[in-house]
Amino acid sequence: MYVQGYVIPVPADKKDAYRETAEMFWPKAQAAGAIEQVEAWEADVPDGKLTDFRKAVAGTGDEKIVFSWVTWPDRASADKFNEQMMNDPDFADMDMPFDGKRMIWGGFDPIVERRR
């Protein structure tokens with residue numbers, strides 16, 4: 001398994017637009033092999049003394065933090081989809097409801113995995 005994680009500052013009044021964007025993403029990712037997509041809207045994101053989610057993405061007072069991840073069977077599947085996404089006109093023409101320059105993301109290999 002391979003996990004891609006994201007932290008994104010989204011204007012609070014763009015929650016519905018963000019949800020629509022995330023919902024449009026899933027069928028394409030699923031068709032490319034994605035196992036799971038989770039989009040989580042800020043509920044309890046405290047300010048830290050040294051660092052925190054908001055500081056990591058230069059979030060402002062009128063933005064909420066989204067913590068998101070997509071799981072893939074392997075990195076090759078994720079990389080292939082990312083390349084397809086860059087050439088997909090649906091994504092190219094999309095009016096993103098957030099500042100993508102402040103999104104942080106990365107890919108991770110799980111080292112512990114537990115489920116109920």
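Heads up: numbering here begins at 1 and tracks the sequence. No hydrogens, no waters, no symmetry mates; every other heavy atom, side chains included, goes into these values.
Closest non-hydrogen pair, Thr21 versus Pro97, comes out as OG1-CD, 3.6 Å. When every heavy atom of Ile35 is checked against every heavy atom of Trp72, the shortest pair comes out as CD1-C, 3.5 Å. Contact detail for Tyr2 and Asp74: the closest heavy-atom pair is CB-C, 3.5 Å. Here the closest non-hydrogen pair linking Val7 and Val57 is O-CG1, 3.5 Å. Across every non-hydrogen atom of Ala32 and Ser77, the tightest pair is O-CB, 4.3 Å.
For the pair Asp52/Val45, no side-chain contact is recorded, criterion being any heavy-atom separation below 4.5 Å from C-beta on. The shortest distance between side-chain heavy atoms of Glu39 and Val66 falls below 4.5 Å. With a 4.5 Å cut-off on side-chain heavy atoms, Trp69 and Glu36 count as touching. Within the 4.5 Å cutoff, the side chain of Phe98 has no heavy atoms near those of the Lys14 side chain. Val3 has its side chain within reach of Pro110: a pair of non-hydrogen atoms, C-beta onward, lies under 4.5 Å apart. At a threshold of 4.5 Å between non-hydrogen side-chain atoms, the residues Trp26 and Gln30 count as touching.
No continuous path of hydrophobic side-chain contacts links Val70 to Phe108 [ILVMFWY only; heavy atoms under 4.5 Å]. Tracing side-chain contacts under 4.5 Å through hydrophobic residues (I, L, V, M, F, W, Y), one never reaches Phe67 starting from Met96; they form parts of separate clusters. Cluster membership check: Met103 shares its hydrophobic cluster with Val10, using side-chain heavy-atom separations under 4.5 Å among Ile, Leu, Val, Met, Phe, Trp and Tyr.
The environment of CH2 in Trp105 is sparse: at most 12 heavy-atom neighbours from other residues, nucleotides or ligands sit within 6.0 Å. More than 12 heavy-atom neighbours from other residues, nucleotides or ligands sit within 6.0 angstrom of NZ on Lys55.
Of the candidates Gln4, Gln37, Met1, Glu113, Met1 is the only one forming a side-chain contact (heavy atoms from CB on, under 4.5 Å) with Thr71.
From Ile8, atom CD1 reaches atom CH2 of Trp41 across 10.0 Å, with rounding to the nearest 0.5 Å.
If you chain together ILVMFWY residues whose side-chain heavy atoms come under 4.5 Å of each other, Met86 ends up in a group of its own. Residues Ile111 make up the rest of the hydrophobic cluster containing Val112, defined by ILVMFWY side-chain heavy atoms closer than 4.5 Å, directly or through other members.
Using a 30° and 60° split on the angle between ring planes, Phe25 and Phe81 fall in the perpendicular class, above 60°.
Applying the salt bridge (Lys or Arg N to Asp or Glu O under 4.0 Å) definition to pairs two or more places apart or across chains, those involving residues 60-70 are Glu63-Arg102.
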*Show the numbers, then the answer: is there a side chain to side chain contact (heavy atoms under 4.5 Å, CB included) between Arg54 and Glu42?*
CA-CA 10 Å; Arg54 195 169 322 285; Glu42 174 182 338; 2.9 Å; yes

